[in-house]
Peer 1: 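Have a look at this one before I ask anything.
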Protein chains: 2
Amino acid sequence: MREFLVVGHDAPTTPDFSLEDLPGGAGRLDLLCRCVTDGLLTSHGVREDARVHLVLGDAFTLTFDGAAVRQLHPDERSTAARIRAALERREDAIGHQPVEPSPGVSLVRKDFETTLAVLSDRGTPIQLHAEGAPVTDAARPDHPVFVLSDHREFAAGETDALASAEARRVSLGPRALHANQAITVAHNWLDTDGFSRY
Amino acid sequence: MREFLVVGHDAPTTPDFSLEDLPGGAGRLDLLCRCVTDGLLTSHGVREDARVHLVLGDAFTLTFDGAAVRQLHPDERSTAARIRAALERREDAIGHQPVEPSPGVSLVRKDFETTLAVLSDRGTPIQLHAEGAPVTDAARPDHPVFVLSDHREFAAGETDALASAEARRVSLGPRALHANQAITVAHNWLDTDGFSRY
């Protein structure tokens, strides 16, 4: 299992946004949509062993599960429409009870710290960070939980939560990448374990 | 210099398409837009040593040059609008004379074979292919020209042109990736040359 937790600091928490302005009015939802695509989709395929969790405005966690999701398309707009449809059901997410607007998509009222704690219990948290240890030297964990931020840096409280979870800092290369690009590289890093010996 | 040549088999050759239906009516233009983004943009940065060439319906080649392009945003819709604006100037592209609708963006009436021949003269053509030699074993060329296809396989004539250009076949991993994901991995492969020794 590979999990990706992406913090959308400016992401919407209500469905009142336009699909015609994802970068602006929808708080860089374009980036989060690309994280879903690159986390779960390959060419003509779905990564059934992967999940992408989006933290929306530190109020909700929206999860796309590759093993169960249906009709997920790679373009930003259709994924944003899925996120909007999930947020239309937000009133049904009470306490820590998730709502599942469609198979493999679930919305729950959990902030970053709470979701990180849940994921860290079952996997190995890894913070993708420009100053981390080079990934080329790192061991590949069985159940990595990659934690990424959107276009903003992690906030102080988020950094504290990452420290509490004992997240390792790993760098994918000398260039700072977009979150979805980092997800693509992380997948490839895991995909190519032993690849040169094929 | 790193160049990427992406064939958009169903891509539009006129500006008569809607920004609200990039995957359908615009012939998977969403994918080509992501190729531009992942070819040229990093987190808060532009890859000035990279160029992305899109072959549109085997009629035009549209080039985005990282060294000169301005106001390029990472979302699909704004890039599609740039492509549409370029196609609005298509009548000004006469013979092999390019038109430059904005700095760093040029449109020329060249098909895949012609553009591949031009690029192969100045760089090393590499076909990213699932059955190619593992990238982990391959030498990193100084001036690679990565050649990719959209959601379709290369057509017979394109495969012939790649053979004429003596393009090497290289595989980035055991999973077939979307073209833009392959671009991201290819960049990272070049970025991390010697990275573990940093």
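None of these values were measured; they are calculated from a predicted model.
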Peer 1: Between A/Ala176 and B/Thr42, what is the shortest heavy-atom contact and its length?
Peer 2: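 Nearest pair, atom of A/Ala176 first, then B/Thr42: O-CB, 3.2 Å.
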Peer 1: Taking B/Asp30 for the side chain and A/Glu76 for the main chain, is one N or O donor matched with an acceptor at less than 3.5 Å?
Peer 2: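 Not at all, since once roles are kept as given, no pair shorter than 3.5 Å links the two residues.
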Peer 1: Is there a path of hydrophobic side-chain contacts, each under 4.5 Å between heavy atoms, that joins A/Ile126 and A/Val118?
Peer 2: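 Each belongs to a different hydrophobic cluster.
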Peer 1: Quick one: do B/Leu116 and B/Leu56 end up in the same hydrophobic cluster if we chain Ile, Leu, Val, Met, Phe, Trp and Tyr together by side-chain heavy atoms under 4.5 Å apart?
Peer 2: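 Cluster IDs for B/Leu116 and B/Leu56 differ.
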Peer 1: Under the criterion side chain to side chain contact (heavy atoms under 4.5 Å, CB included), I'd like the reasoning laid out for B/Asn188 against A/Asn188: C-alpha separation, chi angles, the key distance, then a yes or no.
Peer 2: CA-CA 10 Å; B/Asn188 183 255; A/Asn188 183 255; over 6 Å; no
Peer 1: Select one option (side chain, backbone, both, neither) describing which atoms of B/Arg28 are under 4.5 Å from chain A's heavy atoms.
Peer 2: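 Only the side chain of B/Arg28 comes within 4.5 Å of chain A.
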Peer 1: In terms of heavy-atom proximity below 4.5 Å to chain B, should A/Leu41 be classed as side chain, backbone, both, or neither?
Peer 2: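 Both parts, heavy atoms under 4.5 Å.
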Peer 1: State yes or no: do B/Leu62 and B/Ile183 share one hydrophobic cluster built from I, L, V, M, F, W and Y residues joined by side-chain heavy-atom distances below 4.5 Å, directly or via other members?
Peer 2: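 Yes.
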Peer 1: How many angstroms lie between atom CG of B/Asp75 and atom CG of A/Asp21, to the nearest 0.5 angstrom?
Peer 2: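 Those atoms lie 8.5 Å apart.
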Peer 1: Could you tell me which of A/Thr37, A/Leu172, A/Leu31 has the largest number of non-hydrogen atom pairs under 4.5 Å with chain B?
Peer 2: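 Counting heavy-atom pairs under 4.5 Å, the top option is A/Leu172.
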Peer 1: Where does A/Leu177 contact chain B at under 4.5 Å (heavy atoms): side chain, backbone, both or neither?
Peer 2: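 Contact with chain B involves both backbone and side-chain atoms of A/Leu177.
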Peer 1: Name the member of A/Gly45, A/Ser171, A/Ser78 that forms the most heavy-atom pairs with chain B at distances under 4.5 Å.
Peer 2: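 If we count pairs closer than 4.5 Å to chain B, A/Ser171 comes out on top.
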Peer 1: Shared ILVMFWY cluster between A/Phe64 and A/Val145, side chains joined below 4.5 angstrom?
Peer 2: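 Different clusters.
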Peer 1: Among B/His178, B/His151, B/Gln181, find the one that has a side chain to side chain contact (heavy atoms under 4.5 Å, CB included) with A/Pro74.
Peer 2: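 Between A/Pro74 and the candidates, side chain to side chain contact (heavy atoms under 4.5 Å, CB included) is satisfied uniquely by B/His178.
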Peer 1: Any side-chain heavy atom of B/His187 within less than 4.5 Å of one from A/Arg175?
Peer 2: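 They are not in contact (no side-chain heavy atoms under 4.5 Å apart), so the answer is no.
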Peer 1: With the 4.5 Å side-chain cut-off for hydrophobic clustering, are A/Leu54 and A/Val108 part of the same group?
Peer 2: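 As far as the 4.5 Å side-chain criterion goes, A/Val108 and A/Leu54 are not connected within one cluster.
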Peer 1: Please name the pair of heavy atoms, one in B/Pro174 and one in A/Thr192, separated by the smallest distance, quoted to 0.1 Å.
Peer 2: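 For B/Pro174 and A/Thr192, the tightest heavy-atom pair comes out as CD-CG2, 4.2 Å.
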Peer 1: Is the number of heavy atoms from other residues, nucleotides or ligands within 6.0 Å of CD (A/Glu113) greater than 12?
Peer 2: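 Check fails, neighbour count at 12 or below.
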Peer 1: How long is the span from the CZ atom in B/Arg34 to the CG atom in A/Asn180, to the nearest 0.5 Å?
Peer 2: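 It is 9.5 Å, given to the nearest 0.5 Å.
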